[in-house]
Amino acid sequence: MPHDPKPPPAKRFKPGSPFSLANKKPGMLLPKKGNASSQIDVQRKHLPIYQAKSQLIDQLRQLPNAVLIGETGSGKTTQIPQYLYEAGIGRQGIIAVTQPRRVAAISLAGRVAEEKRTQLGKLVGYTVRFEDVTSVETKLKFMTDGMLLREAIGDPMLLRYTVVILDEAHERTVHTDVLFGVVKSAQRKRKEHNKIPLKVIVMSATMDVDLFSQYFNKSPVLYLEGRQHPIQIYYTKQPQSDYLHAALVSIFQIHQEAPLSHDILVFMTGQEEIEALARTCRDIAKHLPETCGPMIVIPLYASLPPAQQLRVFYPAPKGCRKVILSTNIAETSITISGIKYVIDTGMVKAKRYNPDSGLEVLAVQRVSKAQAWQRAGRAGREDSGSCYRLYTEDEFENLANMTVPEIQRCNLAGVILQLLALGVSDVLNFDFMSKPSPESMRMAVEQLDLLGAVEQREDQVFLTPLGKKMACFPLEPRFAKTILISPDFSCSEEILTIVSLLSVDSVLYNPPARRDEVLLVRKKFISSEGDLITLLNIYRAFKKVSGNKEWCRENFVNSRNMSLVGEVRAQLRDICIKLGLKLESSLSELANVRRCLAHGMFPNAAELQPGGTYLALDTHQTVAIHPSSVLFQAKPAYVIFNELLHTSRCYMRDLCLVDPDWLQEAAPEYFRRKIHISKS
DNA sequence: CGTGACGGG
């Protein structure tokens with residue numbers, strides 16, 4: 001199977017100077033894809049992977065592990081599971097295919113069911129959170145990697161499965177990285193216990209090949225040809241000090257020179273930047289000579305309402321240019337057809353983790369080479385295209401090869417808890433493909449220790465009975481702990497609501513243009529006891545009108561996120577019932593709720609200082625109340641907060657007023673130490 | 001006095 005990892009030859013251009021067009025001919029029309037089932041077989045046979053079918057089956061039959069490298073469009077994800085099934089490989093159990101995202105798992109299952117001409121949920125099914133479309137007949141199961149991890153807690157050897165296919169492995173999400181270790185150990189254990197072997201197939205784009213192969217006992221790497229069209233890459237001649245300006249200039253150069261039917265996709269870093277550039281583009285486009293043609297500018301980022309996200313898929317009116325300004329959401333999650341030009345600023349907003357302070361910070365930084373290739377690839381999905389990189393070739397060469405795997409950039413408390421629940425005996429030496437730093441491992445263990453989830457004896461970490469229960473919840477450890485202690489305060493119903501509200505995207509809708517209206521309408525929910533109680537009030541009011549959409553609109557509440565809160569809450573409540581927790585409501589007695597929150601979240605406590613700032617008692621950082629908090633003006637002596645946000649300052653968000661005595665009673669020794677230090 | 005890249009259970 002041929003494989004050419006060499007990137008296309010590079011050309012240079014300078015924003016603001018004329019550059020030669022890569023392709024003057026108008027975009028070719030593609031043959032329309034039919035949906036009639038008679039055409040499905042024809043389509044399947046036209047996929048590049050079909051040529052290699054018998055060879056692939058022979059290899060996969062005998063190999064316990066394989067790494068499969070295939071470009072987008074190779075058809076590997078839909079075809080390999082079917083090939084295995086049709087060849088009778090792994091028939092004794094289920095073939096699982098994991099995906100980092102829900103939508104991908106759901107749509108792939110739909111596609112494969114269609115190809116097999118069966119009803120979804122029979123032979124082919126999917127499992128994601130809140131949705132299980134499988135049955136006893138299901139042999140090909142698409143699922144999120146997080147879902148398989150959850151299942152592994154009850155079944156560490158994954159005995160229901162004969163084959164696990166880890167797709168999109170190059171994305172290196174936390175879940176995929178943990179799964180690498182889980183399936184590897186399941187393979188070994190099954191061998192030791194003389195169980196049916198587990199076959200593991202890692203699927204990835206053209207990167208990380210050696211790492212994957214090494215990790216899975218030097219397993220062979222199979223290459224699949226893709227159906228990617230050639231992409232011409234351009235670099236700037238000089239480094240650009242202002243990538244936004246460079247992007248603006250490049251957009252209008254292409255706009256002036258390329259046929260209007262060619263769409264442009266620009267990769268940028270965040271919402272604010274995108275909205276600002278969109279405004280500028282629209283302004284400029286208005287004042288261009290008529291020879292240029294009109295331009296439609298579409299912003300794209302995750303927090304955009306779904307209806308507005310859909311706009312990127314509508315073709316622009318004839319004779320109008322479509323320009324999409326996007327975050328990295330268009331790198332993987334959303335695929336837009338018809339993109340002819342990609343402009344890559346070379347920058348991305350990404351999470352960084354400081355294990356010493358335990359603080360996660362969002363920062364604008366340079367992309368990796370792998371990411372730059374992923375972005376460029378978005379220009380060549382249906383036809384040849386061009387990618388304009390707003391940096392020099394030298395700068396490109398100096399980029400990191402790979403994006404640092406997320407597991408090396410995040411708080412590991414949840415991961416460690418999950419591994420312990422899986423029965424991993426020596427967590428500190430868990431066989432990670434890319435080991436997180438010892439400091440961040442230690443930090444996570446300390447956090448779990450503080451919550452009472454683990455005990456440390458002779459350099460070993462053990463799960464406590466409380467920790468075992470905590471692991472049952474699909475939540476951050478501190479939230480699980482708060483729920484588990486809530487029966488002691490007779491307020492589980494309220495705590496379930498608050499935790500659910502904090503574990504989904506914000507239910508508060510804050511359009512900046514209607515700020516005054518928002519403040520006015522929100523007044524009636526505000527509690528002087530803080531943001532968490534305010535949120536509880538909003539949820540109660542929402543329930544009172546049974547989730548009325550009109551009510552949501554009037555009150556600037558995001559109804560979709562609010563419904564999600566309900567789903568999460570129901571799931572958590574079920575887990576509570578299975579664990580035999582006594583569920584009570586404290587109704588109007590909200591001091592109980594705050595006391596419970598103080599006991600569960602005491603590591604996130606802060607104390608007012610004479611100067612009016614706060615001191616985070618755990619890390620002794622100086623912090624401030626975020627201006628969006630209902631306690632912003634009040635400045636109470638002691639608060640707990642849900643999270644720290646590091647922007648212009650270090651802000652606490654989602655606060656709750658607490659009594660210092662509650663903190664003392666929650667963790668006497670800890671606070672004796674902390675408060676002692678803070679006073680000295 | 002002023003804000004959150006993207007996912008997932």
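So that the names make sense, note that chain A is the first sequence line, chain B the second, and so on, each numbered from 1.
Distance, A:Gln309 CD to B:dG7 C1': 13 Å, rounded to whole Å. Straight-line distance from the CD atom of A:Gln374 to the C1' atom of B:dA5: 15 Å, rounded to whole Å. Put simply, CD1 on A:Ile329 is 10 Å from P on B:dG8, counting in whole angstrom units. B:dA5 atom C1' lies 12 Å from atom CG of A:Leu300, rounded to whole Å. For the pair A:Leu362 CG and B:dG7 P, the interatomic distance rounds to 13 Å; values are reported in whole Å. Put simply, CD1 on A:Ile407 is 13 Å from C1' on B:dG8, counting in whole angstrom units. B:dG2 atom P lies 17 Å from atom CG of A:Leu644, rounded to whole Å. Across the protein-nucleic acid pair, A:Glu171 atom CD and B:dA5 atom C1' stand 14 Å apart, rounded to whole Å.
Applying the salt bridge (Lys or Arg N to Asp or Glu O under 4.0 Å) criterion to A:Glu395, with sequence neighbours excluded, gives A:Arg366. In this view, A:Lys369 and A:Phe396, A:Glu397, A:Leu399, A:Asn401 satisfy the side-chain contact (heavy atoms from CB on, under 4.5 Å) rule, not counting sequence neighbours. With sequence neighbours left out, A:Thr134 forms a side-chain contact (heavy atoms from CB on, under 4.5 Å) with A:Thr127, A:Asp132, A:Thr138, A:Lys141. With sequence neighbours excluded, no residue satisfies ring pair (Phe, Tyr, Trp, His ring centres under 6.0 Å) with A:Phe641.
If you check every strand for non-hydrogen atoms under 4.0 Å, A:Thr173 touches nothing. Looking at heavy-atom distances under 4.0 Å, A:Arg102 makes contact with sugar-phosphate atoms alone, never a base. At the heavy-atom level, A:Ser648 lies under 4.0 Å from the strands shown only through sugar-phosphate atoms. Looking at heavy-atom distances under 4.0 Å, A:Arg101 makes contact with sugar-phosphate atoms alone, never a base. Residue contacts for A:Gln271: at a heavy-atom cut-off of 4.0 Å it reaches the sugar-phosphate backbone alone, with no base atom in range. Residue contacts for A:Arg352: at a heavy-atom cut-off of 4.0 Å it reaches no nucleic acid atom on any strand shown. No engagement by A:Val364 is indicated, since no non-hydrogen atom pair under 4.0 Å with the nucleic acid exists.
Comparing A:Phe632 and A:Leu645 by the nucleotide of DNA chain B whose heavy atom lies nearest to each, the residue mapping closer to the 5' end is A:Phe632.
Within residues 342-351 of chain A, the residues that place at least one heavy atom under 4.0 Å from DNA chain B are, in residue-number order, A:Lys349, A:Lys351. Shown for residues 142-154 of chain A: residues whose heavy atoms fall under 4.0 angstrom of DNA chain B, namely A:Thr144, A:Gly146, A:Met147, A:Arg150.
Taking the side chain as every heavy atom from C-beta outward, A:Val507 and A:Tyr539 never approach each other to under 4.5 Å.
Side-chain nitrogen and oxygen atoms of A:Ser628 include none within less than 4.0 Å of the OP1 or OP2 phosphate oxygen of B:dT3. In this structure, A:Tyr651 reaches the B:dG2 phosphate: one of its side-chain N or O atoms is under 4.0 Å from OP1 or OP2.
Among pairs with a residue in residues 505-515 of chain A, those fulfilling salt bridge (charged side-chain N to carboxylate O under 4.0 Å, His left out) read A:Arg514-A:Glu517, at least two apart in sequence or across chains. Residue pairs meeting the side-chain hydrogen bond (donor to acceptor under 3.5 Å, both in side chains) criterion with at least one member in residues 567-581 of chain A, sequence neighbours excluded, are A:Arg129-A:Gln571, A:Glu493-A:Arg569, A:Glu493-A:Arg573, A:Thr497-A:Arg569. Annotation: salt bridge (charged side-chain N to carboxylate O under 4.0 Å, His left out) contacts involving residues 622-643 of chain A, sequence neighbours excluded, comprise A:Glu643-A:Arg653.
Shown here for A:Ile407 and A:Ser434, the closest heavy-atom pair between the two residues is CG2-O, 3.8 Å.
Counting heavy atoms of neighbouring residues, nucleotides and ligands inside a 6.0 Å radius, atom CZ of A:Phe556 exceeds 12 of them.
Residue A:Pro627 has its side chain nearest to B:dG2 when only B:dG2, B:dG9, B:dC6 are considered.
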